[in-house]
Undergrad: 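Please see the structure below; I have some questions.
First the proteins, then the strands, lettered A, B, ... as listed; each starts at 1. Below, each value reflects all heavy atoms present in this structure, side chains not excepted, and no hydrogens, waters or symmetry copies.
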Amino acid sequence: MANPLRGEVIRLYKNLLYLGRDYPEGSAFFRERLKSAFMKNKDVTDPEHIKKLVGRGEFVIKELEALYFLKKYRAMKKRYYDPET
Amino acid sequence: MSGRVLVGVKRVIDYAVKIRVKPDKSGVVTDGVKHSMNPFCEIAVEEAVKLKEKKLIKEVVAVSCGPQQAQETIRTALAMGADRGIHVEVSGKDYDNLGPLHVSKIMAALAKKEEAQLVILGKQAIDDDCNQTGQMTAALLDWPQGTFASEVTLEGGKVKVVREIDGGLETVKINMPAVVTADLRLNTPRYATLPNIMKAKKKKIANVKPSELGVDLTSRLEVLRVDEPPQRQAGIKVETVDDLVGKLRETGSI
């Protein structure tokens with residue numbers, strides 16, 4: 001499996017795995033989902049399709065970062081600021 | 001103008017962790033507990049990095065006081081875009097007694113040593129909630145301060161700071177060098193991603209001892225006791241309106 005996109009896919013996986021450490025339901029929960037999501041597409045060989053899937057992974061990274069930010073922001077707001085504002 | 005900004009970052013127990021008090025009431029349990037950068041410090045780092053990206057300043061220096069693990073927090077700041085770090089090594093008993101006064105003395109000494117133009121700090125840390133370090137740093141340096149900033153703009157040699165105050169916003173214009181403390185709404189801090197953390201390993205972290213800065217760490221405060229907040233009473237369900245009215249009468253609410 002000497003696909004030229006192999007490195008990119010592995011990098012994506014590592015980045016997601018790192019992000020998963022902060023996942024609210026726990027990193028084990030996240031890792032399981034992450035692995036099954038990658039394994040589901042393990043037989044994909046078409047480079048165009050792989051690129052599309054990697055793009056979706058990048059999108060998930062953005063979503064996770066936004067999720068973590070919002071979670072923290074809400075927690076801070078709840079703790080330190082008036083509930084009405 | 002040196003174009004250098006000093007940013008203070010504090011390593012605290014992660015905001016999502018449930019805090020437990022030690023059985024002997026001397027403090028809270030910190031061993032084996034997840035730590036991360038204080039959320040308000042993240043906002044301060046983000047603001048400094050943003051100023052650098054706009055080319056208004058030249059260098060962002062992240063400072064943290066604490067034991068060896070404080071370097072991880074500095075590393076996070078470097079991954080967010082700070083240029084280099086200064087780790088002021090404080091450990092053991094000194095670290096337990098380290099308070100805002102000591103940290104502000106250290107920050108003031110470093111600001112002078114590095115010829116900083118601006119010091120940006122988080123308005124408070126989520127562990128001790130002191131909200132004093134920025135104010136005292138400004139006082140020790142005899143620099144103007146813009147606290148609780150929700151907007152910061154550099155205009156020539158001045159800083160325009162929009163401050164969050166009770167019931168509204170206040171805009172102040174202060175001369176540089178100055179001290180600014182970040183409030184929650186100042187910006188949205190970026191996430192320190194894995195590739196950036198890896199890249200940050202190449203950036204330098206200088207190691208400094210408080211004694212080299214001429215700061216005395218003897219504490220004038222003594223912690224007598226740390227208690228958990230009172231437990232909230234569980235609620236009850238009532239079947240009918242009459243029950244509700246009866247219960248309210250009992251408690252004297254009506």
Undergrad: Select all residues of residues 13-36 of chain A having any heavy atom within less than 4.5 Å of some heavy atom of chain B, and report them by number, or 'none'.
TA: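 Only A:K14, A:N15, A:Y18, A:L19, A:D22 of residues 13-36 of chain A have a heavy atom under 4.5 Å from chain B.
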Undergrad: Does A:R79 CZ have over 12 foreign heavy atoms under 6.0 Å away?
TA: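 More than 12 within 6.0 Å, yes.
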Undergrad: Counting heavy-atom pairs under 4.5 Å to chain B, which of A:M76, A:K72, A:E65 comes out on top?
TA: A:K72
Undergrad: Could you measure the distance from the CD1 atom of A:I61 to the CG atom of B:L194? Nearest 0.5 Å is fine.
TA: 9.5 Å
Undergrad: Are more than 12 heavy atoms, taken from residues, nucleotides or ligands other than B:E151, located less than 6.0 Å from that residue's CD atom?
TA: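 No, the 6.0 Å shell around CD holds no more than 12 heavy atoms from other groups.
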Undergrad: Which answer fits A:R11, side chain, backbone, both or neither, if we ask what part of it has an atom under 4.5 Å from a heavy atom of chain B?
TA: neither
Undergrad: Using 30° and 60° as the class limits, which term best fits the ring planes of B:Y191 and A:Y68: parallel, tilted or perpendicular?
TA: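 B:Y191 and A:Y68: tilted rings.
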Undergrad: May I ask you to test the A:Y80-B:I126 pair for a side-chain heavy-atom distance under 4.5 Å?
TA: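 Heavy-atom side-chain distance check passes, below 4.5 Å.
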Undergrad: Please confirm whether B:R185 makes a cation-pi placement over A:Y81, using NZ or CZ under 6.0 Å from the six-membered ring centre and within 45° of the ring normal.
TA: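 Yes.
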Undergrad: I'd like to know whether NZ of B:K22 has more than 12 heavy-atom contacts from other residues, nucleotides or ligands below 6.0 angstrom.
TA: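 Result for NZ/B:K22: enclosed.
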Undergrad: Using heavy atoms and a sub-4.5 Å threshold, report which of residues 41-57 of chain B line up against chain A, by residue number.
TA: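 Within residues 41-57 of chain B, the residues under 4.5 Å from chain A are B:E42.
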Undergrad: Would you mind checking which part of B:D14 comes under 4.5 Å of any heavy atom in chain A, side chain (CB onward), backbone (N, CA, C, O), both or neither?
TA: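 Neither; nothing under 4.5 Å.
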